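Proteins get letters first, then strands, A, B, ... in listed order; numbering begins at 1 in each. Since the structure is predicted, the reported quantities are computational estimates derived from the model, not experimental observations.
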Number of protein chains: 2
Amino acid sequence: VSTPAGPPPDGSGEFGLIAWFRARAERTAAVAFGIGDDCAGLRFTPGREVLITTDMLLDGRHFLSAEHTPEQIGRKAMGVNLSDIAAMAGVPLAAVVSVGLPLHHGSRSAEELARRLFHGLNGMARECGVALVGGDTNAWDGPLVVSVTVLGEATEKGPVRRSGARPGDVVLVTGRLGGSLASGRHLEPRPRISEALALHQAANLHAMIDVSDGLAADLNHILEESGNLGAVLSAMAIPVHPDAERAAAGDGRSPLDHALGDGEDFELCFTVGPDDANRLLAEPPARVTLYRIGDITPESGLRLAHPDGRVEPLEPMGFDHLGGDAERSAP
Amino acid sequence: VSTPAGPPPDGSGEFGLIAWFRARAERTAAVAFGIGDDCAGLRFTPGREVLITTDMLLDGRHFLSAEHTPEQIGRKAMGVNLSDIAAMAGVPLAAVVSVGLPLHHGSRSAEELARRLFHGLNGMARECGVALVGGDTNAWDGPLVVSVTVLGEATEKGPVRRSGARPGDVVLVTGRLGGSLASGRHLEPRPRISEALALHQAANLHAMIDVSDGLAADLNHILEESGNLGAVLSAMAIPVHPDAERAAAGDGRSPLDHALGDGEDFELCFTVGPDDANRLLAEPPARVTLYRIGDITPESGLRLAHPDGRVEPLEPMGFDHLGGDAERSAP
């Protein structure tokens, strides 16, 4: 990390920009030292596992710089990483950010872009109690790229893994699903940090993931990691987001298809034993919405049960981030 | 992080690639759980500060994908981050990597590129005892971008900051400088991790930085962070790398100019009190080379003392990563 302190008199250039970040970056008690050295130094609770996650957002794949504001792009880049900490019922503590800024419009506008991205990144960090402790700012001839790494720590109950689902578990989600990309909702992820912590405290969560690739694909990750278990989802029980209805009206696919296959909802999907499920559904933690959507089975594979009794296999419909078809990813 | 486990039958696509990484990624005792969940989980020594650093490498700025192999690019991306941990005399423990792979040649070659980058990244990590615990792999229409974040921890003596230099300190460097970009040496950074730890054990290091922007610019960071101190460097004492001689023969600038201004040497520059300096120079730790290059002064500003007695101001010559002129950065 290049993080010198002294800005040139006009406050511009790389070092002026870093000084500008340094004066504004969110700090918390977890920060021993932040921007301004070769590394940042952090303090974690002794004995807790440190959690780390990283996600890179690319112009044309995860956002469109011609349509979305830098503040939105910054908020999304921070939010999707915070969502990964929430998915393990962790407490997010600190973030670092690297950006590649397009030079097409000159270095002046690269700096302006950097400042606006920072507002989005830092704003989302602040709202979640997360310190922004370092980064790397470069300009280049390529499109905008933003890479965020977030550190957190497990609570005293430990992290909730993907791999802990058990046959007989109930599958729940924390919100309505589908249509996030078509509606632009994906640009304002609301990482379910407090919801995850409240659920972790209230029940024995067996497995959890955030819905980023799509419900079917993400639940499938839980099934595979838990020893190739299966699940039967109830078609009637899937909470369909109004955005999924709108997306369906536009493309002829069903709202349920959108709820099962669309990504970037950033709701939590988790499994608990039947007693915990009943207790949580009867008395959900404050400000947590819960939907019971299905059950874990010992037979592997994901299936969908229809109201008429039909049960059909459900393809994971995972989004392949390596694919050349940017249709689904370029919102 | 998208890190599912089950590869498709042909082992290709995003999930096949992640399974391929997962089977090969370097693991260490610091890893509670690595690739395969929403986050990785790490264990640090209780009570030690956790160090974090991040650097993003961009095609055309920090490497040239048409000239350099993916393995070289991967090694450099990991190495420059490890060098930042070394600069604080920390112990590097774990890394995450995000990549944006160009789709120009189809998704097949994006996968091949990803595997070759991984070999470079993982190889450098292994040589330094660092676990590769997660990442994010995407393909896009832009050029290759590689972003690495490394975590480490301070030793029981704590991290060595940039801000601890004192008037009367002696300035030392661990190796010859200059010509790294012109020669291609910048692609094989050798992070001075063990050297930093040995020096930290043997002496009371007041301030340290790695030479990435150039000796004058990096020493200037120390001076500014230490309360706007100054330094006088001895022109005769600057260790000039043979690559700097060659670069000078090519462009007409002096070898000394290259040694003072070129970046990406990744040697350590540090300050110690005079007694420690004398002791270290008389008996350097095993396998550590040391050059005494100057002294810290209470008056601010960096100066260069010539053999004839002239003392002239030395401009920091820092490389501005926001600048539109890619000449110096595109090696």
Side-chain angles (χ1 to χ4, degrees), chain A residues 1-2 4-6 13-14 32 36-44 46-47 49-56 58 60-61 84-85 87-88 96 98 100 103 106-107 110-111 134-143 145 147 149 151 159 161-162 209-210 213 221 224-225 320-324, chain B residues 1-2 4-6 13-14 32 36-44 46-47 49-56 58 60-61 84-85 87-88 96 98 100 103 107 110-111 133-143 145 147 149 151 159 161-162 209-210 213 221 224-225 320-324:
Chain A
V1 235
S2 288
E14 184 193 9
D37 218 311
D38 294 286
C39 304
L42 301 167
R43 298 184 202 95
F44 291 88
E49 274 151 345
V50 171
L51 305 176
I52 182 168
T53 184
T54 190
D55 268 306
M56 176 180 274
L58 300 163
R61 298 293 284 185
D84 278 320
I85 302 281
M88 306 203 82
V96 293
S98 288
L103 267 174
S107 69
E111 286 181 36
D136 187 26
T137 307
N138 296 281
W140 73 326
D141 290 327
V145 50
S147 181
T149 301
L151 296 185
R161 306 285 310 271
R162 292 179 178 176
I209 195 168
D210 65 321
D213 290 341
H221 297 334
E224 289 184 341
E225 293 292 334
D320 190 331
H321 296 83
L322 286 182
Chain B
V1 237
S2 288
E14 183 192 9
D37 218 310
D38 294 286
C39 303
L42 300 168
R43 297 184 203 94
F44 292 88
E49 271 152 347
V50 172
L51 305 176
I52 181 167
T53 184
T54 190
D55 268 307
M56 176 180 274
L58 300 162
R61 298 293 284 184
D84 278 320
I85 302 281
M88 305 202 83
V96 294
S98 288
L103 267 174
S107 69
E111 286 180 36
V133 298
D136 187 26
T137 307
N138 296 280
W140 73 326
D141 291 326
V145 49
S147 181
T149 301
L151 297 185
R161 306 287 308 273
R162 293 179 178 176
I209 195 167
D210 65 322
D213 290 342
H221 297 334
E224 289 185 338
E225 294 291 333
D320 190 331
H321 295 84
L322 285 183

Largest heavy-atom contact set with chain B, pairs under 4.5 Å, which of Leu51(A), Val96(A), Val50(A): Val50(A)
For the student: nearest non-hydrogen atoms of Glu49(A) and Ala32(B), plus distance: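 Minimum heavy-atom contact is OE2-CB, 3.4 Å.
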Nearest atoms (heavy-atom pairs only) where Arg161(B) meets Asp37(A): NE-OD2, 2.8 Å
Side chain / backbone / both / neither for Pro143(B) at chain A, heavy atoms under 4.5 Å: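 Interface part for Pro143(B): both.
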Region of Leu151(B) in contact with chain A, defined by heavy-atom distances below 4.5 Å: side chain
Residues in side-chain hydrogen bond (donor to acceptor under 3.5 Å, both in side chains) contact with Thr149(B), at least two apart in sequence or another chain: Thr149(A), Thr54(B)
Nearest-0.5 Å distance, CE of residue Met56(A) to CG of residue Asp136(B): 7.5 Å
Most contacts with chain A, counted as non-hydrogen pairs under 4.5 angstrom, among Ile209(B), Val145(B), Leu58(B):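 Answer, by heavy-atom pair count under 4.5 Å with chain A: Leu58(B).
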Side chain to side chain, Asn138(B) and Arg61(A), heavy atoms closer than 4.5 Å: no
